[in-house]
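Written below as structure tokens is the structure these notes are about.
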Amino acid sequence: MQQPKAIIFDLDGVLTDTSEYHYQAWKHLADDEGIAFTHEENDTYLRGVDRRNSLLYLLKGRKASEEQIQEMMERKNRYYNDLIKNMTPKEVVEGGRELLDEIRHAGIKTAIASSSKNCWTVLRAIDIAQYFDGVADGYSVTRGKPAADIFVFAAGLVSTPTSQCLGVEDADVGIEAIKAAGMQALAIGPAERFHKADKVLPSLANKRLQEMVD
Ligand code: BG6
Ligand code: MG
């Protein structure tokens, strides 16, 4: 890989394990509605996907009015907020602060590209907002991942051409978005989850910058 001028991080499942809370909140909604839903489905189909498209997947072809869709999205979000309200700075991936410090000291810009409308709540709860030069969240663009938009938007926030950015993602749709944006892609998770990544690491825990860009 070439040394990037900016690193654009996804949040949920990369810098903290909120993807598990998203799963639990969707599972709660699925149980309410009597819909079967597994952890495997969550990992394969919902990781990185915005709230509305996640719900449409979960409904599996069941008919729902716009009003019902809105109510279910709000209910899932309540369940999710109940789970994240007690998050603390301890829930940053182990060694994450040191890694972000190292990246910034190397003169590399940093940004967040998260599909979540709760992105700022999580950044504040785990106290890492100060490590980023820009934050793109679920309010920043209309077309979600796998569209390139949120990564292009985040690159703009740090005034860096996408060809000089490294994107970091735990979702296959996120890796697709990073590649569509013309960035190098570092995937976080099991190799079999990803199709287009330039490099895969099982986790960001206790990693150094060099291991991300080798
Ligand atoms: C992504 C998560 O970061 O954000 C998805 O990986 C989630 O699971 C999406 O559905 C949208 O989050 P929110 O907080 O806006 O419902
Ligand atoms: Mg993610």
Side-chain angles (χ1 to χ4, degrees), residues 7-30 37-59 69-85 87 91-93 96 111-126 128-129 132 135-151 153-154 166-179 181 183 185-190 193-197 200-205:
I7 301 184
I8 317 287
F9 291 87
D10 173 47
L11 175 64
D12 297 324
V14 169
L15 293 167
T16 180
D17 201 13
T18 31
S19 47
E20 184 57 30
Y21 296 143
H22 277 293
Y23 163 69
Q24 286 174 21
W26 284 124
K27 178 70 180 154
H28 193 162
L29 182 79
F37 179 59
T38 65
H39 215 286
E40 291 65 44
E41 280 179 282
N42 185 74
D43 279 354
T44 311
Y45 302 110
L46 295 200
R47 242 175 220 270
V49 174
D50 64 35
R51 199 181 304 168
R52 187 182 184 87
N53 283 307
S54 296
L55 176 63
L56 294 180
Y57 170 82
L58 196 85
L59 290 174
I69 288 174
Q70 291 298 332
E71 186 280 321
M72 285 188 273
M73 288 199 296
E74 278 162 30
R75 191 162 12 126
K76 183 269 174 176
N77 197 44
R78 274 204 308 280
Y79 295 153
Y80 181 64
N81 274 273
D82 273 348
L83 292 164
I84 63 172
K85 71 170 186 254
M87 284 186 87
E91 288 183 68
V92 180
V93 64
I112 291 282
S114 167
S115 311
S116 176
K117 292 184 167 156
N118 294 292
C119 175
W120 275 104
T121 307
V122 173
L123 288 175
R124 289 196 189 100
I126 62 177
I128 58 167
F132 298 97
V135 175
D137 68 6
Y139 294 101
S140 301
V141 298
T142 46
R143 289 194 310 166
K145 301 166 188 177
D149 306 28
I150 194 154
F151 283 96
F153 186 93
L166 170 66
V168 188
E169 262 288 350
D170 68 312
D172 195 35
V173 287
I175 293 292
E176 239 185 90
I178 292 170
K179 295 314 293 178
M183 300 180 181
L186 169 60
I188 304 298
R193 185 185 292 161
F194 305 104
H195 295 91
K196 295 185 180 163
V200 183
L201 289 173
S203 143
L204 265 193

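Whatever order the structure lists them in is the order used to number ligands and atoms, beginning at 1. Values in this document were obtained by computation on a predicted structure and should not be read as measured data.
Taking atom 15 (O) of ligand 1 as the reference point, the nearest protein heavy-atom neighbour is K117 N, 2.7 Å. With respect to atom 7 (C) of ligand 1, the closest heavy atom belonging to the protein is V49 O, 3.3 Å.
Within the 4.5 Å cutoff, the side chain of V168 has no heavy atoms near those of the D10 side chain. In this structure the side chain of C119 reaches within 4.5 angstrom of the side chain of I112, judged on heavy atoms. Y80 places none of its side-chain heavy atoms less than 4.5 Å from the side chain of R51.
Applying the 4.0 Å criterion to heavy atoms of S54 picks out, from ligand 1, the atoms 10 (O). Remark: ligand 1 atoms within the under-4.0 Å shell around heavy atoms of N118 are 13 (P), 14 (O). Listed by number with element, the atoms of ligand 1 under 4.0 angstrom from any heavy atom of R51 are 11 (C), 13 (P), 14 (O), 15 (O), 16 (O). Numbered from 1 in the order shown, with element, the atoms of ligand 1 that lie under 4.0 Å from a heavy atom of G48 read 2 (C), 5 (C), 6 (O).
Draw a line from the Mg ion (ligand 2) to O of D12 and another to OD2 of D10, and the angle between them is 90° (to 10°).
Side-chain atoms of D12 and N118 form no donor-acceptor pair, as typed in the model, at a separation below 3.5 Å.
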Verdict with reasoning, K27 to H39, per side chain to side chain donor-acceptor pair (under 3.5 Å): CA-CA 9 Å; K27 178 70 180 154; H39 215 286; over 6 Å; no

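Side-chain atoms of S54 come within 3.5 Å of backbone N or O of V49 as a donor-acceptor pair. A side-chain donor-acceptor contact under 3.5 Å links N81 to the backbone of N77.
The backbone of L46, and not its side chain, has at least one atom closer than 4.0 Å to an atom of ligand 1 (non-hydrogen atoms only; backbone = N, CA, C, O). Proximity of D12 to ligand 1, defined as any heavy-atom pair under 4.0 Å, is confined to the side chain (atoms from C-beta onward). Counting heavy atoms under 4.0 Å from ligand 1, residue H22 touches it through the side chain alone. Under 4.0 angstrom from ligand 1, the non-hydrogen atoms of S116 come from both its backbone and its side chain. By the criterion of a heavy-atom distance under 4.0 Å, neither the backbone nor the side chain of L11 is placed next to ligand 1.
Screening K145, R47, H195 against D172 for a side chain to side chain donor-acceptor pair (under 3.5 Å) leaves a single residue, H195.
D170 has its closest N, O or S atom to the Mg ion (ligand 2) at the position named OD1.
Between R78 and E74 there is no salt bridge, since no side-chain nitrogen of the basic residue lies less than 4.0 Å from a carboxylate oxygen of the acidic one.
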